[in-house]
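Whatever order the structure lists ligands and atoms in, that order sets their numbers, starting from 1.
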Amino acid sequence: MSDIKVVTIADNEEYLRQVSLPVEFPDESLKRDIELLEEYCREHEVFAMAAVQLGIPKRIIYLKNTNLDMVKKIQSDSVSDEDKDYNEARILINPVIISREGLTDYWEACFSCLDNLGHVRRPYKITLEYLDINGNKHIEIFEGFEATVLSHEYDHLDGVLHMDIADEVLKMSVEEMQKFRLEHGYNIVSKTGNYEELMKKMVKKK
Ligand SMILES: [Zn+2]
């Protein structure tokens, strides 16, 4: 195990609250930054990670596991040897969400937010513009659970934590979280419609 540490709300919440800066190409430390993210994510059971969580305040997101079937296998401890090292290893640099559609909810956890499990509503589908490690621009649609994971990490780049936008926060241990999330899984409210409008309706219902 390496000694890379994740920044948490307990040791430096202010650090997590900063707005990360865009990567400017060429960036000489980018390769090292990505290696750190890669190493941390390989060694820990995370879905994804924003660079700022590892002390790198740049707009970089690493996606490891946005596959809901795989998530369920891991949470129910039925992961095979073959799937043990599952890693999408996707790097998204300077991401910008262009559009948000639909509505979902999920009890989100975060390595930086320790024992806080938060019920968060996110878009079902997002259109994202981002750069790859060579600085080439891509536009891609992320749908379903991957849109939830990505939206969570995207917020980190702006210093926003899931517990800030959750409509309910519960405190529990990692083991309790695992169990709780097996019973309260990812939920699709609507696959279509304007996200902001759908959110407004939700607020009215409360
Ligand atoms: Zn997080």
| Ion pair present between Glu13 and Arg17, side-chain N to carboxylate O less than 4.0 angstrom? |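 Salt bridge flag = yes for Arg17 with Glu13.
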| Listed by chain and number, what are the side-chain contact (heavy atoms from CB on, under 4.5 Å) partners of Asn12, not counting sequence neighbours? |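 By the side-chain contact (heavy atoms from CB on, under 4.5 Å) rule, Asn12 matches Val7, Glu14, Tyr15.
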| request: Just jot down the side-chain contact (heavy atoms from CB on, under 4.5 Å) partners of Lys179, sequence neighbours excluded, or say none. | output: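 If we apply the side-chain contact (heavy atoms from CB on, under 4.5 Å) test to Lys179, skipping adjacent residues, there are no hits.
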| Can you list the protein N, O or S atoms less than 2.8 Å from the Zn ion (ligand 1)? |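 Result, waters dropped: Cys110 SG, His152 NE2, His156 NE2.
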| said: Testing the 3.5 Å rule here: is there a donor-acceptor pair between the side chains of Glu101 and Thr192? | reply: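 Per modelled atom types, Glu101 and Thr192 side chains form no pair under 3.5 Å.
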| task | Quick one: name the residues clustered hydrophobically with Leu182, using the 4.5 Å side-chain heavy-atom rule over I, L, V, M, F, W, Y, and just say none if it's on its own. | result |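 Answer for Leu182: none, a lone residue.
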| With His162, which of His156, His152, His119 fulfils ring-ring contact (aromatic ring centres under 6.0 Å, His included)? |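 Exactly one option meets the ring-ring contact (aromatic ring centres under 6.0 Å, His included) with His162, and it is His152.
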